[in-house]
Amino acid sequence: QVQLVESGGGLVQAGGSLRLSCAASRSIFSMNFMGWYRQAPGKQRELVARISSGGNTYYVDSVKGRFSISRDNAKTTVYLQMNSLKAEDTAVYYCNIWPPRENYWGQGTQVTVSS
């Protein structure tokens, strides 16, 4: 059974926006930090943003001011609003708890930014 399902990726032009969604099971979502991660071709997977159960957020420096993470506790869904997208943001984006658990990785959603 699927516990984390990412959606919302696609192809956008540089400067554009996308909103990613991650639907989580309640058992995973509750009382955990939720994170968005990405892996670009030839690169290591990295944390780009995380949010606590209380709404405290963290962003990697490269996305500060452009990305915004949020969560809807009633829907057990975490979002990543991505604005002012750059070619360097091209990657497969994944959600997981933070710190991540290896068996929670899903297929991710592809974000491609064209310039």
Taking the side chain from Asp72 and the backbone from Ala74, do they hold a donor-acceptor pair closer than 3.5 Å? yes
How long is the straight-line distance from CD of Gln110 back to OG1 of Thr90, given to the nearest 0.5 Å? 7.5 Å
Between Lys86 and Asp89, is the closest basic N to carboxylate O distance under 4.0 Å? no
I need the full list of ring pair (Phe, Tyr, Trp, His ring centres under 6.0 Å) pairs touching residues 38-94, with sequence neighbours left out, sorted by first then second residue. Tyr94-Trp105
Enumerate, atom names and distances included, each donor-acceptor pair closer than 3.5 Å involving a side-chain atom of residues 49-57, sequence neighbours excluded.
{"from": "Ser52", "atom 1": "OG", "to": "Gly54", "atom 2": "N", "distance (Å)": "3.3"}
{"from": "Ser52", "atom 1": "OG", "to": "Gly55", "atom 2": "N", "distance (Å)": "3.2"}
{"from": "Ser52", "atom 1": "OG", "to": "Asn56", "atom 2": "N", "distance (Å)": "3.0"}

Could you walk me through whether Val12 and Thr112 pass the side-chain contact (heavy atoms from CB on, under 4.5 Å) check? CA-CA 6 Å; Val12 297; Thr112 303; over 6 Å; no
Restricting to non-hydrogen atoms, name the atom on Leu4 and the atom on Cys22 that form the minimum distance, rounded to 0.1 Å. CD2-SG, 3.8 Å
Nearest-0.5 Å distance, CH2 of residue Trp36 to CE of residue Met82: 8.0 Å
Picking from Glu46, Glu88, Glu6, what satisfies salt bridge (charged side-chain N to carboxylate O under 4.0 Å, His left out) with Arg38? Glu46
Go through it in stages, so that I can follow the logic: the residues are Leu20 and Thr109, the test is side-chain contact (heavy atoms from CB on, under 4.5 Å), and I'd like the CA-CA distance, side-chain angles, deciding distance and then a yes or no. CA-CA 8 Å; Leu20 308 184; Thr109 186; 4.0 Å; yes
Test item: Asn96 side-chain N/O and Arg101 main-chain N/O as donor-acceptor pair under 3.5 Å: yes
Is there a side-chain contact (heavy atoms from CB on, under 4.5 Å) between Leu11 and Val113? Walk through the geometry before answering. CA-CA 6 Å; Leu11 174 65; Val113 184; over 6 Å; no
Polar side-chain atom of Thr76 near backbone of Ala24 as donor-acceptor pair, under 3.5 Å: yes
Pairing residues for Phe29 by the ring-ring contact (aromatic ring centres under 6.0 Å, His included) criterion, not counting sequence neighbours: none
Using the rule that two of Ile, Leu, Val, Met, Phe, Trp, Tyr join whenever any of their side-chain heavy atoms come within less than 4.5 Å, decide whether Leu47 and Val60 are in one cluster. yes
Given Ser17 and Asn83, is the side chain to side chain donor-acceptor pair (under 3.5 Å) satisfied, shown in steps? CA-CA 4 Å; Ser17 298; Asn83 300 322; 2.9 Å; yes
Close side-chain approach of Tyr37 to Pro100, heavy-atom, < 4.5 Å: yes
To the closest 0.5 Å, what do you measure between CG (Leu80) and CZ (Arg19)? 10.5 Å
Closest approach of Gln3 to Ile28 (non-hydrogen atoms, all atoms of both residues): CB-CD1, 3.2 Å
